[in-house]
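For reference, the structure is listed below as structure tokens.
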Amino acid sequence: MRIVFMGTPEFSVASLDALVKNGYNVVGVVTAPDKPAGRGLQLQQSAVKEYALANNLHILQPVKLKDPAFIEELQALKADLQVVVAFRMLPEMVWSMPPLGTINVHASLLPNYRGAAPINWAIINGEKESGVTTFKLQHAIDTGNILFSDKTAIRDDETAGELYDDLMHRGAQLLIKTVAALAAGNVEETPQSHIPEDQIKHAPKLSKETGHIDWAQPLDNVYNLVRGLNPYPTAWTTLQGKGLKIFKATKELAPPSVQPGEYVTDGKTFLKMAAADGYLVLQEIQLEGKKKMDVESFLRGMRLA
């Protein structure tokens, strides 16, 4: 089976590596163009490109996916199957090209959490389980027929970064199961149309405003927001007029003695902020213009009344 792989970030690499190590014939790797990054604006390669270079795989980096030159090069690879893991939305002329179609590895239990940030929103919304799904691409994003899925429990203290690592490897394993089944002609497709659209939870792109903490919310909601945005882009609030990122925290279920958003501290060992029904006890934070640090280190250098 001739396979073209499409992906960009670190999450994609585990799936590409699984294909290579399981002996599949990856005839091409499509990834994002190099981009300027850092202070010196040096061109930075995607994680997928770095892997492809290290493993002598044929690389394509189209700026536009409808570019005739790219379409011609893709057709010349004569892929039987295309695999997409964390890439852009594909035009029909691309996803419909191979005889076996194009499959996607998505980091949620579809049909829930379609969209750009499924891992984050599952935790932000307090879900108790997540997982990965393989499905066939079609017109609307993340709506194609489901092939296989794999569930996992979400721990009460699990962060988006930790769930990301778990689902990255689960996705790679599920991809191998899916490709083997497709090669054997042994796949039963399940349409996603069985759940009404108004009952489906979505996972839109994250913005800075997503992370702005509303302290009038219940403590569980605030805590889940912090977990769901760790390590990036992080939940945030303000402290003495400056932005304060909150990376790690715990919950203290006690009626607050101050108003929501106000803090309590001994100035040395603890700093906690009031939500509607309890305190968020800060552990790892970053004040605007400062480095990330634990709360005790922060309090040594910051005078809080």
For Glu188, I'd like to know if atom CD has over 12 heavy atoms of other residues, nucleotides or ligands within 6.0 Å.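 Counting neighbours around CD of Glu188, 12 or fewer heavy atoms of other residues, nucleotides or ligands fall under 6.0 Å, so no.
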Salt bridge check, [Y] against [X]: does any charged N sit closer than 4.0 Å to a carboxylate O?
| X | Y | answer |
| --- | --- | --- |
| Lys245 | Glu288 | no |
| Arg155 | Asp157 | yes |
| Lys66 | Glu92 | no |

Item to check | Intermediate values then yes/no, side chain to side chain donor-acceptor pair (under 3.5 Å), Lys291 and Gln286 | outcome: CA-CA 6 Å; Lys291 292 181 179 178; Gln286 183 177 11; over 6 Å; no
Does the side chain of [X] reach to within under 4.5 Å of the side chain of [Y], using non-hydrogen atoms?
| X | Y | result |
| --- | --- | --- |
| Leu239 | Tyr263 | yes |
| Glu284 | Asp294 | no |
| Arg227 | Ile154 | yes |
| Thr210 | Trp121 | yes |
| Leu244 | Trp236 | no |
| Phe5 | Thr31 | no |
| Lys177 | Leu174 | yes |
| Val85 | Phe11 | yes |

Heavy-atom closest contact ([X] atom, [Y] atom, distance):
| X | Y | value |
| --- | --- | --- |
| Gln192 | Asp142 | NE2-O, 3.0 Å |
| Leu77 | Val27 | CD2-O, 3.6 Å |
| Ala274 | Val258 | CB-CG2, 3.7 Å |
| Leu229 | Gly211 | CD1-CA, 3.3 Å |
| Leu19 | Val179 | CD2-CG2, 4.2 Å |
| Leu219 | Asp277 | N-OD1, 2.7 Å |

N/O donor-acceptor pair under 3.5 Å between [X] side chain and [Y] backbone:
| X | Y | answer |
| --- | --- | --- |
| Ser46 | Lys49 | yes |
| Glu262 | Gln259 | yes |
| Thr237 | Ile213 | no |
| Ser108 | Asn112 | yes |
| Gln217 | Asp214 | no |
| Asp17 | Val13 | no |
| Asn230 | Phe247 | yes |
| Asn22 | Tyr24 | no |
| Asn186 | Ala181 | no |

Is it the case that one hydrophobic cluster holds both [X] and [Y], taking links as side-chain heavy atoms less than 4.5 Å apart, direct or via other members?
| X | Y | answer |
| --- | --- | --- |
| Leu253 | Met273 | yes |
| Leu282 | Val264 | no |
| Val48 | Ile176 | yes |
| Leu100 | Leu175 | yes |
| Leu225 | Leu271 | yes |

Rounded to the nearest 0.5 Å, what separates atom [atom1] in [X] from atom [atom2] in [Y]?
| X | Y | atom1 | atom2 | value |
| --- | --- | --- | --- | --- |
| Thr178 | Phe148 | OG1 | CZ | 5.5 Å |
| Lys151 | Leu109 | NZ | CG | 6.5 Å |
| Gln138 | Trp95 | CD | CH2 | 7.0 Å |

For Tyr164 and Asn120, does a side-chain donor sit closer than 3.5 Å to a side-chain acceptor?
->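 The answer is no; no qualifying pair exists.
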* Asked: Which side-chain hydrogen bond (donor to acceptor under 3.5 Å, both in side chains) pairs, counting each pair once, include a residue from residues 71-83, with sequence neighbours left out?
  ->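 Sorted result for residues 71-83: His58-Glu73, Gln82-Thr102.
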- prompt: Looking at Tyr279, does the NZ or CZ of Lys272 lie under 6.0 angstrom from its six-membered ring centre and within 45 degrees of the ring axis?
  reply: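 Yes, Lys272 sits over the ring of Tyr279.
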Worksheet entry | Residue pair Ser149, Thr133: steps toward the side chain to side chain donor-acceptor pair (under 3.5 Å) verdict | CA-CA 4 Å; Ser149 62; Thr133 305; 5.1 Å; no
Out of Ile119, Val132, Thr152, which residue meets the side chain to side chain contact (heavy atoms under 4.5 Å, CB included) rule with Asp166?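 With Asp166 as partner, side chain to side chain contact (heavy atoms under 4.5 Å, CB included) holds for just one option, Thr152.
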